[in-house]
Amino acid sequence: MVGNREAMDVRTDCKNQVRPRLDLSIKVDKVRHEYTSRNGEHVLALDDVSIDIPSGQFVAIVGPSGCGKTSILNMLAGLIMPSRGAVYVDGEMVNGTSRAVGYMFARDGMLPWRTAQANVAFGLEVRGVSRSDRLARADALLERVGLKGFERAFRSQLSHGMRQRVALARTMAIDPKVFLLDEPFGALDAQTRIVLQEEFVRLWENTGKTVLLVTHDISEAVAMADRVIVLSARPGRIKSDITIDLPRPRDIESIRFDEKFARLARRIWRDIGGRAEGGMA
Amino acid sequence: MNPRLPSTVGRSRRPAAPRFPLRALVNPDSRFTIWIWRLALAALVIGGWQVVAALQLVDPMFLASPMAVCGFLFHYILSGKIWVNSAVTLEETILGFAFGAALGVLAGLVIGWSKFLERVLTPFLTICNSLPRVALAPMFIIWFGIGALSKVVLAFSLVFFIVLISTEAGVRSIDPDLTMMAKVMGATDRQRFLKVVLHGAVPSIFAGLRLGVIYSLLGVVVGEMIAAKWGLGQQVMEYSYNYKPAGVFGVLAILALIAICLNELMTRVERRLGRWKGED
Ligand SMILES: Nc1ncnc2c1ncn2[C@@H]1O[C@H](COP(=O)(O)OP(=O)(O)O)[C@@H](O)[C@H]1O
Ligand SMILES: [Mg+2]
């Protein structure tokens, strides 16, 4: 909380061009967000949410659906502006899309008329990277996500898991400082999901990139993240902020059978308001 | 499992069952067979028509025999009238189509891209598009004279709205996931428009163009039928006024041929462009 206030004070001083703490990669500062629906009703989605994420941390946000998780990511990506409060990425207040941020959704968003390779190269193409450079980079990334040999494949020729891999490679291609992931594995079958979680963690470890993962899967959050933030039901407020002190590098598959894992997962389950485990604990 | 059972049974039985001996004759996958059937059907229709005409089952004043139509076409070609009139009609059709298509695509893209314009203009577009604009042909003749201009304008008015509406529909049909993806990948508005919206709208634009080219021909012919010095539409009118059914059917055959060629041309252009899968 102290760090939070400090950063706030610095922000109010922005005439002097002083920025919030530089080691903070993401800062969500007293954000409140209200949507106005078509018939004029106000929906309070988020209420007084503050999150500080230091550079290089992997944070997962869990919470019941409709509690404003996607709204937080959309603010950080510059797609929407908070009704009150502000969000910062890399010390800069977000007020529009930024090329320092990579955002990945549950749906792959592959352009169906482009090959996997050209899809991965899309972000580099719009940044004006030369054709040969971007294609070489796309090929290298496709290989890293396990899609070597599928460079010329179109969306219709790929499975769900493969499409999500392309989306992952596409997001990594622009080399963002911050990854925003909105239930990126949510639409996959259980087995593919674990494989992709493992691959993402392996690719992320040692990169020093900040990750903010939204998920409704508690075991995904605990297995992947350094820290799990639990949001309450709408309007979303921070209910708890739990450090996941499981060792790294992690084996996503076997860590699920770890005792500590189970304890952390149960705790989060209770915070979310799950009944079965809540009664037991 | 259950729904799969019957088909498995069916498949295992099929080889044992006696083969339908005429199966090859109705094989939908053989291009050869399909063409044989097409020719047979055409021969049947034309042959039947010839018989009806030859036996004078219908007053020859109303129906020309295929042979008579062929005779007419032979003279029509020899006299060179075919080239003069086809050239006029084709020229008007292409001009009307070109202007209508270019402006229609442009307007469709702008209106599809701008939510504001779309909301304001939709009722007007619906009215314009559902009006039978061909009915305005006499007015166009009064406004623009009996020369080529009135036909071109009529064709334009048909093509413009057809292409506009299909282009706009194409822009609007683009999956919002794709434009969202482009946005978060750092594409500028311009890049999003060119690389996602325009590209995604191409199939719908071409559907509009293919329809538009035929309507352009229709508009021109109708215009020529009302008042013109030259053109295939004018020829149809002339021959029917003079009770020459062979001439009417002959000119119609030429028009059909032109329509087929125009349609084929559009399909080829589309296929050529269709190969532009990815930019890379
Ligand atoms: N564009 C919108 N207009 C109106 N209400 C919205 C809009 N987007 C989201 N909401 C509402 O805000 C709340 C939070 O949405 P969201 O951030 O998508 O939640 P989550 O991702 O946690 O499921 C939900 O109750 C949703 O119905
Ligand atoms: Mg969501």
Side-chain angles (χ1 to χ4, degrees), chain A residues 73-74 76-79 96-136 138-139 151-156 163 166-167 170-176 178-182, chain B residues 105 108-109 112-116 118-120 122 166-167 169-210 267-280:
Chain A
L73 294 194
N74 283 346
L76 288 165
L79 298 174
T97 52
S98 153
R99 291 186 166 184
V101 173
Y103 195 171
M104 186 178 161
F105 317 102
R107 283 168 308 212
D108 57 83
M110 273 183 82
L111 299 171
W113 55 82
R114 285 185 176 227
T115 60
Q117 182 193 47
N119 265 287
V120 175
F122 183 83
L124 299 173
E125 188 180 314
V126 301
R127 282 163 177 73
V129 175
S130 80
R131 196 183 132 88
S132 59
D133 285 358
R134 64 179 191 249
L135 293 190
D139 284 346
E151 293 83 1
R152 321 246 14 114
F154 290 96
R155 184 177 188 276
S156 54
R163 291 172 189 175
V166 171
R170 182 186 63 213
T171 313
M172 298 203 320
I174 59 175
D175 197 29
V178 170
F179 278 95
L180 303 176
L181 310 176
D182 193 359
Chain B
V105 167
L109 290 175
W113 183 243
S114 154
K115 206 172 229 168
F116 174 74
E118 188 216 309
R119 292 208 173 142
V120 172
T122 295
S166 58
T167 303
V171 171
R172 259 187 296 140
S173 73
I174 289 169
D175 186 349
D177 281 359
L178 302 184
T179 43
M180 178 90 139
M181 180 283 293
K183 194 166 186 178
V184 301
M185 290 303 287
T188 60
D189 278 358
R190 198 185 120 89
Q191 287 170 327
R192 263 194 309 152
F193 183 76
L194 292 175
K195 290 178 194 287
V196 179
V197 175
L198 187 56
H199 209 134
V202 163
S204 184
I205 291 175
F206 264 96
L209 292 179
R210 247 183 291 124
T267 309
R268 290 211 176 170
V269 173
E270 183 178 8
R271 212 177 296 149
R272 174 72 58 90
L273 275 170
R275 258 187 247 131
W276 64 335
K277 287 293 191 179
E279 201 203 68
D280 293 304

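Just so we're on the same page: letters track the sequence lines, and every chain starts at 1.
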Next on the checklist: For A:L79, which atoms come within 4.5 Å of any heavy atom of chain B: side chain, backbone, both, or neither?
Outcome noted: side chain
Item to check | Full working for side-chain contact (heavy atoms from CB on, under 4.5 Å) between B:V184 and A:V101 | outcome: CA-CA 8 Å; B:V184 301; A:V101 173; over 6 Å; no
Next on the checklist: Take a 6.0 Å sphere around CZ of B:R192 and say whether it holds more than 12 heavy atoms from other residues, nucleotides or ligands.
Outcome noted: yes
Checklist entry - For A:M110, is it the side chain, the backbone, both or neither that has a heavy atom under 4.5 Å from a heavy atom of chain B? => result backbone
Checklist entry - Where is the tightest heavy-atom contact between B:M180 and A:F105, given as atom of each residue plus distance? => result CG-CZ, 3.6 Å
Checklist outcome for this item: Closest non-hydrogen contact found for A:R170 with B:M185 is O-CE, 3.1 Å
Checklist entry - Tell me, side chain or backbone of A:Y103 under 4.5 Å from chain B's heavy atoms, or both, or neither? => result both
Next on the checklist: Quick check: closest heavy atoms across B:L178 and A:P112, and the distance to 0.1 Å?
Outcome noted: CD1-CD, 3.9 Å
Item to check | Interface moiety of A:I174 toward chain B, non-hydrogen atoms closer than 4.5 Å | outcome: side chain
Checklist entry - Heavy atoms, side chains only, cut-off 4.5 Å: are B:T188 and A:V126 in contact? => result no
Next on the checklist: Before you tell me yes or no, could you show the steps for B:H199 and A:R114 under side-chain contact (heavy atoms from CB on, under 4.5 Å), namely the whole-Å CA-CA distance, both residues' side-chain angles and the distance that decides it to 0.1 Å?
Outcome noted: CA-CA 10 Å; B:H199 209 134; A:R114 285 185 176 227; 5.8 Å; no
Checklist outcome for this item: Here the gap from A:R127 atom CZ to B:Q191 atom CD, rounded to the nearest 0.5 Å, amounts to 9.0 Å
